[in-house]
Amino acid sequence: MTNLYTCLDGFSQSKNGNAVRGLIEEKVIEISHHVSNSLAMLKKVKTSLKKEEVFAEYGTMKKGFPSWVSAKDRKLLEDGNVNETKIDVVVAKDGSGNFTTIGEAVVMAPNSSTTRFVIYIKSGAYLENVEVIRKKSNLMFIGDGIGRTIVKASRNVVDGWTTFQSATVGLITVNHV
């Protein structure tokens with residue numbers, strides 16, 4: 001769902017790419033809406049009378065979320081109301097925030113944080129590969145919504161990048177020498 005525009009933009013590099021994009025764009029967006037609706041319905045799924053959990057691998061559930069998710073975090077996830085969330089830094093292409101790139105904000109975020117560090121990314125198209133090193137814990141990215149805050153990049157195998165290195169946003173868990 002979150003990468004549909006990146007997927008569609010990938011056709012621009014291929015022969016007849018715009019024609020192919022035109023053929024599938026409407027259907028890709030339609031599928032994204034179906035997935036979104038399915039996730040909303042899944043959220044409403046009730047556990048059985050035996051109190052079995054829908055997603056046992058996440059541990060004990062409380063109000064449809066793993067018990068380790070705090071009440072405040074559940075409210076944020078349920079409502080999607082970011083207005084009540086403390087924003088630590090703002091990224092804005094137009095220079096109206098603390099940074100103009102997401103990568104700069106990630107570098108500035110504290111290492112090994114025990115509290116959430118929120119990076120608000122204003123609407124705009126950010127052409128960058130964002131790499132989050134393992135020390136950057138408890139990071140949260142908030143944008144202005146699908147189609148408004150767009151993060152995309154252009155690394156690919158043809159240009160010598162590995163599949164892992166081509167990730168638009170990636171968590172780096174090992175040290176590269």
Side-chain angles (χ1 to χ4, degrees), residues 1-10 28-29 31-40 42-43 55 57-59 61-156 161-176:
M1 274 180 45
T2 58
N3 296 324
L4 68 107
Y5 291 103
T6 303
C7 175
L8 291 169
D9 288 346
V28 169
I29 292 169
I31 289 168
S32 176
H33 289 139
H34 288 307
V35 170
S36 178
N37 290 340
S38 297
L39 290 171
L42 183 60
K43 182 178 170 184
F55 299 107
E57 65 272 21
Y58 293 117
M61 302 293 277
K62 182 177 181 182
K63 296 185 179 181
F65 292 96
S67 59
W68 49 263
V69 177
S70 71
K72 183 178 177 182
D73 290 344
R74 275 196 308 275
K75 182 162 177 43
L76 174 64
L77 293 168
E78 288 170 344
D79 301 341
N81 186 356
V82 296
N83 294 332
E84 297 176 17
T85 303
K86 178 187 166 279
I87 305 294
D88 294 293
V89 294
V90 176
V91 177
K93 293 290 287 184
D94 63 6
S96 64
N98 305 97
F99 302 98
T100 56
T101 71
I102 302 164
E104 291 171 323
V106 169
V107 167
M108 196 282 312
N111 290 336
S112 306
S113 178
T114 56
T115 60
R116 179 179 297 118
F117 187 85
V118 179
I119 299 174
Y120 169 55
I121 308 163
K122 286 187 170 183
S123 63
Y126 298 84
L127 180 59
E128 60 181 297
N129 290 86
V130 180
E131 295 180 352
V132 180
I133 61 171
R134 186 179 199 134
K135 291 180 183 178
K136 302 293 181 179
S137 55
N138 278 318
L139 281 184
M140 179 179 192
F141 297 130
I142 296 177
D144 283 328
I146 234 174
R148 296 193 62 210
T149 299
I150 301 165
V151 183
K152 60 184 181 175
S154 61
R155 289 182 185 168
N156 59 69
W161 298 97
T162 66
T163 300
F164 176 77
Q165 292 169 323
S166 70
T168 303
V169 177
L171 173 63
I172 310 301
T173 59
V174 295
N175 295 327
H176 296 283

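With hydrogens and angles ignored, the 3.5 Å screen pairs a side-chain donor or acceptor of Lys136 with a backbone N or O of Val107. In this structure a side-chain-to-backbone donor-acceptor pair under 3.5 Å is missing from Ser36 to Ser32. With hydrogens and angles ignored, the 3.5 Å screen pairs a side-chain donor or acceptor of Glu128 with a backbone N or O of Ile102. Between the side chain of Asn98 and the backbone N or O of Val90 there is at least one donor-acceptor pair closer than 3.5 Å. No donor-acceptor distance shorter than 3.5 angstrom exists from the side chain of Asn129 to the backbone of Ala153, with no hydrogens or angles considered. Asn156 places no side-chain N or O within donor-acceptor distance of the main-chain N or O of Trp161, the cut-off being under 3.5 Å. The main-chain N or O of Ser137 is never found under 3.5 Å from a side-chain atom of Ser113 such that the two would form a donor-acceptor pair.
Across Thr149 and Asp144, no two heavy atoms sit closer than the pair OG1-N, 2.7 Å. Taking all atoms of both residues into account, the shortest heavy-atom contact from Ala92 to Gly97 is CB-N, 3.6 Å. In terms of heavy atoms, Phe117 sits closest to Pro110 at CD1-CD, 3.4 Å.
Annotation: salt bridge (charged side-chain N to carboxylate O under 4.0 Å, His left out) contacts of Arg116 (sequence neighbours excluded): Asp73.
Expressed to the nearest 0.5 Å, how far CD1 of Ile31 lies from OG of Ser38 amounts to 11.5 Å. With rounding to the nearest 0.5 Å, the separation of NZ in Lys86 from CE in Met140 is 12.5 Å. Taking CD1 from Ile150 and OG1 from Thr168, the interatomic distance works out to 12.0 Å, rounded to the nearest 0.5 Å. The CD1 atom of Ile121 sits 11.5 Å away from atom NZ of Lys93, with the distance rounded to the nearest 0.5 Å.
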>> I'd like to know whether Tyr126 forms a side chain to side chain contact (heavy atoms under 4.5 Å, CB included) with Thr100, so could you lay out the CA-CA distance, the side-chain angles of the two residues, the decisive distance to 0.1 Å, and finally the verdict.
In response: CA-CA 9 Å; Tyr126 298 84; Thr100 56; over 6 Å; no
### Check against side chain to side chain contact (heavy atoms under 4.5 Å, CB included), Phe141 and Val169
CA-CA 11 Å; Phe141 297 130; Val169 177; 4.3 Å; yes
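A side-chain contact (heavy atoms from CB on, under 4.5 Å) with Ile119 is found for one member of Ile142, Val106, Val130, Ile87 and no other, namely Val106.
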